[in-house]
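Written below as structure tokens is the structure these notes are about.
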Protein chains: 2
Amino acid sequence: MATMVDVARIAGVSISTVSHVLNGTRNVERSTRERVLAAIEETGYRQDTLARAMRRSKTDSIGLVVSDAGEPAFAEMAHGVENAAAAHGLTLLLANSAEDAEREKRAIRTLLDRRVDGLILARAANTAPDLLPSLQNEKAPLVLLDRLYRDLPLDQVGVENRESMRMLMSHLHSLGHTRFAVVAGDTRVPALTERLDGFFDGMRDAHLDAADQLVLTGTGDDQIRAVLARDLSDFSRTAVIACSTPLAVTALTAIEDAGRATPESVAFATFDGFSYPDLFRPRLTTVRQPAFDMGVAAVSLLLERIEAPEGSPRTVRLRQTLELRESTEAFAASEIHS
Amino acid sequence: MATMVDVARIAGVSISTVSHVLNGTRNVERSTRERVLAAIEETGYRQDTLARAMRRSKTDSIGLVVSDAGEPAFAEMAHGVENAAAAHGLTLLLANSAEDAEREKRAIRTLLDRRVDGLILARAANTAPDLLPSLQNEKAPLVLLDRLYRDLPLDQVGVENRESMRMLMSHLHSLGHTRFAVVAGDTRVPALTERLDGFFDGMRDAHLDAADQLVLTGTGDDQIRAVLARDLSDFSRTAVIACSTPLAVTALTAIEDAGRATPESVAFATFDGFSYPDLFRPRLTTVRQPAFDMGVAAVSLLLERIEAPEGSPRTVRLRQTLELRESTEAFAASEIHS
DNA sequence: CTGTTAGCGCCTTCAT
DNA sequence: ATGAAGGCGCTAACAG
């Protein structure tokens with residue numbers, strides 16, 4: 001592998017000059033520059049990013065840790081992050097935490113050890129409580145993505161969960177639904193808590209009776225499935241809302257267990273949703289987050305923070321969109337016909 | 001940030017000793033080691049991976065380039081690669097080519113510039129023909145994943161596409177199907193060509209008339225959709241096979257365009273398939289590749305190649321499994337009843 | 001068993 | 001407009 005020394009020798013200049021033409025960091029006479037460029041061409045020289053990074057203490061790379069890159073929403077975010085990073089000449093180092101606090105810690109440690117210039121984290125539900133504070137002391141700035149954190153002054157990118165759920169509830173209520181089941185899942189995940197809060201907001205908006213609603217929280221998928229299925233076996237409940245893709249899987253399974261059909265017998269709506277929404281039968285009404293844009297926004301925040309480490313932290317909330325599909329249509333129709 | 005010099009000073013030893021206890025690379029008296037360890041603890045010292053990599057010309061990282069990390073099969077492969085890499089203490093640098101030759105080239109260049117110790121590549125359909133040969137000259141070894149390449153002596157990990165398609169055909173034929181449509185897609189992708197070859201094998205096995213079969217190749221999704229839909233509007237064709245997930249999307253759309261129902265009116269089977277196969281309606285019969293294991297296998301091959309750069313190249317083919325679901329069931333039933 | 005020292009390839013003052 | 005030279009933090013001979 002050719003080094004700057006080789007190039008300098010061939011071009012008949014000092015390595016200092018080579019460095020400067022490479023980085024455009026000071027004026028160099030035209031003819032000299034051309035000799036250097038020719039020598040670079042001839043030797044096939046490429047900058048050694050490692051040596052460069054070491055000298056400048058800057059790697060031009062950023063790290064992304066997601067809980068599960070397989071889930072469509074996270075995959076899209078990763079996509080957005082990667083695109084934005086590439087657009088700024090940054091390389092992306094990606095790590096999966098698999099929703100596990102221990103692996104998350106290791107992944108972050110690894111990326112930090114690689115000296116990433118900044119870190120974007122969609123943390124696991126059970127992130128160790130001391131993790132975030134300890135990260136504050138690192139030189140690499142941190143941006144939280146999707147899985148936010150209330151108690152710390154941090155840069156964060158999320159979506160307006162509470163408002164979106166409220167909007168969904170309002171729509172469903174206008175269709176005539178009054179008895180809901182919400183599959184809210186792990187309330188340690190802020191986004192899920194917010195969605196649940198939005199549900200309560202919606203209930204109040206619609207003056208619904210709390211006693212008529214079924215709220216399912218926690219991590220026990222099997223238990224959620226069983227409770228929901230049992231509940232649905234009597235036909236008075238008319239709408240089910242799942243607060244994330246995995247919860248939608250659980251809920252749809254429970255609906256099937258109960259022998260209920262969507263949308264004829266129960267309306268169904270979910271957050272985040274599945275990859276090919278128009279191939280699902282029934283097509284699912286979905287509150288969708290602009291995942292790609294969230295990734296892009298996270299990179300912007302990160303870059304600004306790298307520029308200005310001392311500015312005050314910002315939280316960006318993007319709007320979600322309500323995609324109405326047939327899983328919430330039939331009930332309305334039956335109302336009209338009755 | 002504390003360096004080895006700080007640690008050495010506090011422990012009252014030379015930096016050389018510190019290095020050796022850190023890497024376990026030579027014996028060091030117990031008491032000395034303990035002093036060093038204590039100093040490390042005290043200073044919160046962490047190795048500088050950059051300086052280390054520069055000195056050893058080894059980064060303990062590998063690169064993975066996939067055409068689309070969003071597709072379930074690739075996401076799983078990436079998962080497998082990442083797990084295996086982590087198990088060997090390697091960091092994974094991930095890049096997306098978005099199925100674009102130019103971006104692929106850039107992504108590879110970036111990873112190579114980061115001095116990854118090895119590279120795993122699931123190349124785009126239209127990889128520049130000179131790309132692979134040029135990679136042969138790099139010091140970082142290369143392993144091809146899923147998207148193989150015939151003409152070069154390379155380490156490769158794929159699946160037995162031809163055999164699997166043949167098995168699928170045999171199954172469908174035994175169900176009574178004799179007129180097929182195969183959506184084969186871009187035949188520049190070796191896996192797709194192999195699947196198509198398997199189709200022809202299957203036809204011969206079953207002594208079917210070539211004139212009765214509809215073979216759809218190429219990249220024009222809209223055209224494939226239109227041709228297939230037109231063809232399906234007469235009811236003599238009874239089975240459709242899609243050779244990849246995106247092609248399945250196209251095919252299912254065309255089936256719907258034609259007003260045909262699966263499985264009552266046409267049987268349908270696909271390769272690779274969707275993320276939640278049991279939530280799809282109808283549940284799709286799928287030839288599934290062991291994507292995770294493919295990723296793991298690719299890492300193994302890569303590590304062995306790093307160990308022994310001169311051994312002769314190996315191609316590993318994993319078996320796919322045929323997951324029978326309801327999308328191919330109804331026709332059999334109607335046969336039985338007729 | 002331990003210490004001294006020469007770089008790895010590059011950027012960046014400081015001179016000229 | 002160009003060069004010389006010192007280190008960034010670490011590993012691996014080479015010497016004791």
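A, B, ... follow the sequence lines: proteins, then strands. Residue 1 opens every chain. Quick note: numbers below take in every heavy atom, side chains included, and nothing from hydrogens, waters or symmetry partners. Predicted model, so just to flag it, every value in this text is computed and none were measured.
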What nucleotide, of C/dG3, D/dC10, D/dA5, holds the atom closest to the side chain of A/S16? D/dA5
Contacts table for residues 71-86 of chain B: side-chain donor-acceptor under 3.5 angstrom, sequence neighbours left out:
{"residue": "B/E82", "atom": "OE1", "partner": "A/N96", "partner atom": "ND2", "Å": "3.2"}
{"residue": "B/E82", "atom": "OE2", "partner": "A/N96", "partner atom": "N", "Å": "3.0"}

Would you say C/dC10 has OP1 or OP2 under 4.0 Å from some side-chain N or O of A/S19? no
Rounded distance in Å - CD1 (A/I40) to C1' (C/dC10): 13 Å
Ion pair present between B/R109 and B/D113, side-chain N to carboxylate O less than 4.0 angstrom? yes
DNA chain C nearest-nucleotide lookup for A/R26 and A/A2: closer to the 5′ end is A/A2
Under 4.0 Å between any heavy atoms, over every strand shown, what does A/I15 touch: base, sugar-phosphate, or nothing? Just pick one. base
Starting at atom CD of A/E29, determine the distance to atom P of D/dG3, rounded to an integer number of angstrom. 11 Å
Using atom CE of B/M4 as one end and atom P of C/dT4 as the other, report the distance to the nearest whole Å. 13 Å
Would you be so kind as to tabulate the donor-acceptor pairs closer than 3.5 Å made by side chains of residues 290-302 of chain B, with sequence neighbours excluded?
{"residue": "B/S300", "atom": "OG", "partner": "B/V296", "partner atom": "O", "Å": "3.3"}

Taking 4.0 Å as the cut-off, does a side-chain nitrogen or oxygen of B/T32 come that near to OP1 or OP2 on C/dT2? yes
Under 4.0 Å between a side-chain nitrogen and a carboxylate oxygen: does that hold for B/E29 and B/R35? no
Determine, step by step, whether B/R56 and B/N23 satisfy the side chain to side chain donor-acceptor pair (under 3.5 Å) criterion, reporting the C-alpha distance in whole Å, the side-chain angles of both residues, the deciding distance to 0.1 Å, and the verdict. CA-CA 12 Å; B/R56 308 194 325 160; B/N23 300 306; over 6 Å; no
In whole angstroms, how far is the C1' atom of D/dC8 from the CG atom of B/D6? 14 Å
Separation of A/R123 CZ from A/L145 CG (nearest 0.5 Å): 11.5 Å
May I have the distance from B/R9 (atom CZ) to C/dT4 (atom C1'), rounded to whole angstrom? 18 Å
Short of 4.0 Å, heavy atom to strand atom, which residues of residues 52-62 of chain B count as contacting DNA chain D? B/R52, B/R55, B/R56
Here the distance between atom P of C/dG9 and atom CG of A/N23, to the nearest Å, is 17 Å
The nucleotide from C/dG9, C/dT2, C/dG3 with an atom nearest the side chain of B/V28 is C/dT2
Roughly how many Å is it from NE2 in A/H20 to P in C/dG9, rounded to a whole number? 20 Å
Contact under 4.0 Å: A/T17 side-chain N or O vs D/dG3 OP1/OP2: yes
Distance-only polar pair, side chains of A/T91 and B/R114, donor-acceptor under 3.5 Å: yes
State which of D/dA1, D/dG9, D/dT11 makes the closest approach to the side chain of B/D48. D/dG9
Can you tell me the distance, in whole Å, between the CD atom of B/Q47 and the C1' atom of D/dG9? 10 Å
Just to be sure I understand the rule, does A/V13 reach a base, reach only the sugar-phosphate, or reach nothing, if contact means heavy atoms closer than 4.0 Å? sugar-phosphate
